[in-house]
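Okay, so here's the structure we're looking at.
Protein chains get the first letters and strands the later ones, always in sequence-line order, with residue 1 at the start of each.
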Amino acid sequence: MSNVRVRFAPSPTGYLHVGGARTALFNWLFARHHGGTFILRIEDTDRTRSTEEAIDQIKESLNWLTLDWDEYYRQTDRLERHREIAEELLSKGAAYESEGAVWFRAPRSGITAVEDLILGRVEFSNSEFKDFVILRSDRTPTYNFACVVDDHDMGMTHVIRGDEHLNNTPKQLWIYEALGWDPPSFAHIPLILGPDRTKLSKRHGAVSVLEYRRRGFLPEALVNFLARLGWSHGDQEIFTREELIRYFDLNGVRSAAAVFDEAKLLWLNHEWLRRTDPGRLADLLAEYIVQEGVATEEEVRALGKERLVRAAELLRERNKTLVDMAHAARFLFPGELPVPEGAEKFLVPEIATPLEEIAAALEGLYEFTPQAVEECIREKLAELGLRLKDVAQPIRVAASGRTVGPGLFDLLTLAGKELVVERLRAASRRLRGDVK
RNA sequence: GUCCCCGUCGUCUAGCGGUCUAGGAUCCCGGUCUUUCAAGCCGGAGGCGGGGGUUCGAAUCCCCCCGGGGACACCA
């Protein structure tokens, strides 16, 4: 099957949602796996609902997911062709005109069988159907008609689409037959459901692909997750793009609908955050820090790439999204830090002196590395007769504004001597003043 | 309502007549490690929708029921 030609044919009436993205992904993987051609065709024949913004969003979404297309078409560019074929159907008597629209004459009896690659043979009783419009009174083609003409003209070998189109297939098959054309193979993939088990839609919350980007998901995580919704390869859960291309095929696709489980997506995203190249992750982290208003672009730049990379490496261990990482990076930048919920118990008056002493000791350090910082703090603690356990959390809260985070010495090193010393002293001062 | 599709742990899934006292992942709950929290590691809870068949033998095949979903436009 080296001449495989498939397409993703969205209607530009809104953003690309994850269900559509999954259909695009399956088509793309099928094409890439077989060394075929992946086509993006915008089905914009409904002029009242189609928008340019939607087309841009769809392209941007596919680009973000790195689902590149080899050919691109817009259905409305082919109106003349659609009308021409409608005429042909008219002259053949397969269609007729009524009330200004062109109607296709549906068979009144018999059965139509769809040989689906995933579902197997599905039979429909022709009496279930009625004649249907192929050309509206404004001379624009309707879905079932334009779809057939384009799929034929564009040489599609397989039509891989959502389950909701299964009932349309008989109608399309009749049109192929009336025109004397060979239909492509069909593969209807199961729907993606929301937690309530109804077709996933906006009322289920975030469903737009770009929304997942905004929320700090990595495209490889979303792709990996979407691929595993309805498709599997043994027990493997994590797939690189190359593995997906190598293993993907229609025989691994299930026929049952799947629920979109965000908890698992989160887990996968964490896995991918930890597998991603640190340099790239650092750049992404910088973007999200600005996006989330954690720091300004200038402040991020002032931090320098090297520290950003180190921050990304440490922060990705304990955060599941880039957005979470960005917020966890707050302490890298100047400014007052919050006292997190539940941290009051660490900031007790008795700790004021140790904090001050440790700040002074750290200030004298020439080399501010994790090893040096640890040595310095442990030395000071021995001197004070305290254990690390006694001061670790107070220091962490004072220096980072959080009760959880990277290992203490890594955290202090990352924040830098200046900020750490300043914050430990500020905390110490505050504790003395707060003695009440 | 009619037609169509589907039905294994809460969720994603493996299973394609015996190797299943049903495996993995996620989630949840313990334990371990520890300067926090994660991660890691160890352990636990949790499922073949129901009923009939077929067969020496059924999660796997057939039928019925039940349940869920989708489609029924001059939208795609």
Side-chain angles (χ1 to χ4, degrees), chain A residues 9-13 20 43-46 48-50 75 98-103 114 116 118-120 122-125 127-130 132-147 161-170 188 190-193 195-199 225 227-238 251-252 254-268 270-271 274 314-320 328 342-343 346 374 377-378 381 387-397 400 402-412:
Chain A
S11 62
T13 52
E43 309 228 323
D44 54 350
T45 55
D46 181 349
T48 55
R49 298 202 307 151
S50 301
Q75 214 153 43
S98 173
E99 288 174 44
V102 178
W103 297 71
V114 177
D116 191 275
I118 294 170
L119 267 19
V122 182
E123 294 187 348
F124 294 86
S125 182
S127 59
E128 291 297 325
F129 300 88
K130 297 176 291 188
F132 56 95
V133 170
I134 56 176
L135 222 53
R136 302 183 183 96
S137 31
D138 69 355
R139 312 307 285 171
T140 58
T142 58
Y143 168 71
N144 284 122
F145 180 57
C147 180
R161 77 222 313 191
D163 218 349
E164 74 265 31
H165 288 295
L166 183 58
N167 295 294
N168 283 318
T169 314
H188 289 91
L191 262 23
I192 294 182
L193 274 25
D196 63 353
R197 304 208 69 96
T198 62
K199 189 157 82 164
F225 178 72
R228 280 288 287 98
L229 234 40
W231 174 83
S232 62
H233 179 73
D235 281 340
Q236 191 170 339
E237 294 287 350
I238 296 174
N251 55 29
R254 268 171 70 89
S255 45
V259 173
F260 191 98
D261 177 19
E262 204 164 287
K264 190 154 184 178
L265 206 209
L266 240 12
W267 166 75
L268 257 180
H270 188 208
E271 290 295 322
R274 306 206 300 165
L314 290 173
L315 263 21
R316 68 175 168 186
E317 294 299 324
R318 293 165 174 77
N319 293 103
K320 294 184 175 179
F346 298 122
E374 173 163 10
I377 290 181
R378 286 195 189 277
L381 287 176
R387 294 166 309 171
L388 181 57
K389 213 181 177 89
D390 302 323
V391 298
Q393 282 303 79
I395 293 177
R396 172 186 298 283
V397 169
S400 75
R402 293 195 158 210
T403 55
V404 304
L408 186 62
F409 309 116
D410 282 326
L411 178 147
L412 295 178

Starting from the C-alpha separation in whole Å, work towards a yes-or-no answer on side-chain contact (heavy atoms from CB on, under 4.5 Å) for A:V102 and A:V133. CA-CA 6 Å; A:V102 178; A:V133 170; over 6 Å; no
Check your understanding: When you compare B:rC4 with B:rC42, how far apart are their C1' atoms, in angstrom units rounded to a whole number?
Key -> 48 Å
Scan A:H188 against the nucleic acid and name what it touches under 4.0 Å (heavy atoms): base, sugar-phosphate only, or nothing. nothing
TODO: Taking atom C1' in both B:rU19 and B:rA25, compute the distance separating them and give it to the nearest angstrom.
DONE: 23 Å
Paired to B:rC33 by Watson-Crick or G-U wobble criteria (both distances under 3.5 Å) is none
Rounded to whole Å, CZ of A:R49 lies from C1' of B:rC74 at a distance of 13 Å
Practice prompt. Could you tell me whether A:E99 atom CD has more than 12 heavy atoms of other residues or ligands within 6.0 Å of it?
Written response: no
Partner of A:L229 under side chain to side chain contact (heavy atoms under 4.5 Å, CB included), picked from A:L191, A:L265, A:I192, is A:I192
(message) Between A:F132 and A:F145, is the ring centroid distance below 6.0 Å?
(response) no
Check: What distance, rounded to whole Å, do you find between the two P atoms, one in B:rC61 and one in B:rC6?
Finding: 12 Å
Requested in this report: Begin with the C-alpha distance, continue with both residues' side-chain angles, and end with the deciding distance and a verdict on side chain to side chain donor-acceptor pair (under 3.5 Å) for A:H188 and A:S255.
Outcome: CA-CA 8 Å; A:H188 289 91; A:S255 45; over 6 Å; no
Check your understanding: Checking all strands, does A:A258 fall into the base, sugar-phosphate, or nothing category for heavy-atom contacts under 4.0 angstrom?
Key -> sugar-phosphate
**Report entry** Distance, P atom - from B:rG24 to B:rG47, rounded to whole angstrom
**Finding:** 15 Å
Let's go through A:T45 and A:T142 carefully: what are the C-alpha distance in whole Å and the side-chain angles of both, what is the deciding distance for side-chain contact (heavy atoms from CB on, under 4.5 Å) to 0.1 Å, and is it a yes or a no? CA-CA 7 Å; A:T45 55; A:T142 58; over 6 Å; no
Mind listing the N/O atom pairs, protein and nucleotides 45-47 of chain B, below 3.5 Å?
none

The Watson-Crick or G-U wobble partner of B:rG1, with both key distances under 3.5 Å, is B:rC72
Item to check | Whole-Å P distance, B:rU55 and B:rG50 | outcome: 23 Å
Ignoring hydrogens and angles, tell me if any N or O in the side chain of A:W103 forms a donor-acceptor pair with the backbone of A:S98 under 3.5 Å. yes
Pairing partner of B:rA39, by Watson-Crick or G-U wobble and under 3.5 Å for both distances, is none
From CG of A:D46 across to C1' of B:rA76 the rounded distance in Å is 8 Å
Under a 3.5 Å limit on both distances, the Watson-Crick or wobble mate of B:rG46 is none
- Task: Give A:T140 one of three labels, base, sugar-phosphate or nothing, depending on what nucleic acid heavy atoms sit under 4.0 Å from its own.
- Result: nothing
Rounded to the nearest 0.5 angstrom, the NE2-CZ distance for A:H270 and A:R318 is 9.0 Å
Checklist line | Integer angstrom distance from the P of B:rC37 to that of B:rU32 | finding: 13 Å
For A:S50 and A:D44 the tightest heavy-atom approach is OG-CA, 3.4 Å
| Touch check for A:T198, heavy atoms < 4.0 angstrom, all strands: base, sugar-phosphate only, or nothing? | sugar-phosphate
Nucleotide by nucleotide, nucleotides 22-39 of chain B touches protein heavy atoms under 4.0 Å in the pattern (B base, S sugar-phosphate only, - none) -BBBSS-------BBBBS
A:W231 CH2 to B:rA14 P, in whole Å, measures 11 Å
Separation of B:rA71 atom P from A:K130 atom NZ, nearest Å, is 16 Å
Taking every heavy atom of A:A328 against every heavy atom of A:N319, the minimum-distance pair comes out as CB-OD1, 3.7 Å
On RNA chain B, more 5' by nearest nucleotide between A:E164 and A:A9 is A:E164
Distances under 3.5 Å between nitrogen or oxygen atoms of protein and nucleotides 2-8 of chain B:
{"residue": "B:rU2", "atom": "O2'", "partner": "A:E128", "partner atom": "OE1", "Å": "3.1"}
{"residue": "B:rC3", "atom": "O4'", "partner": "A:E128", "partner atom": "OE1", "Å": "3.4"}

In terms of heavy-atom contacts, A:K264 and A:E237 come closest through NZ-OE1, 3.3 Å
Note: for A:N168 and A:K199 on RNA chain B, the residue whose nearest nucleotide lies more 5' is A:K199
Paired to B:rA59 by Watson-Crick or G-U wobble criteria (both distances under 3.5 Å) is none
Taking the C1' atom of each, how far is B:rG44 from B:rU60, in whole Å? 29 Å
Discussion item. With side-chain contact (heavy atoms from CB on, under 4.5 Å) as the criterion, how do A:D46 and A:T48 come out once you've worked through the C-alpha distance, each side chain's angles and the decisive distance to 0.1 Å?
Written reply: CA-CA 6 Å; A:D46 181 349; A:T48 55; 2.7 Å; yes
Minimal heavy-atom distance between A:F346 and A:P394, with the atoms involved, is O-CG, 3.4 Å
Taking the same atom, C1', in B:rC64 and in B:rG70, what whole-Å distance lies between them? 23 Å
A:N251 atom CG is separated from B:rG15 atom P, nearest whole Å, by 10 Å
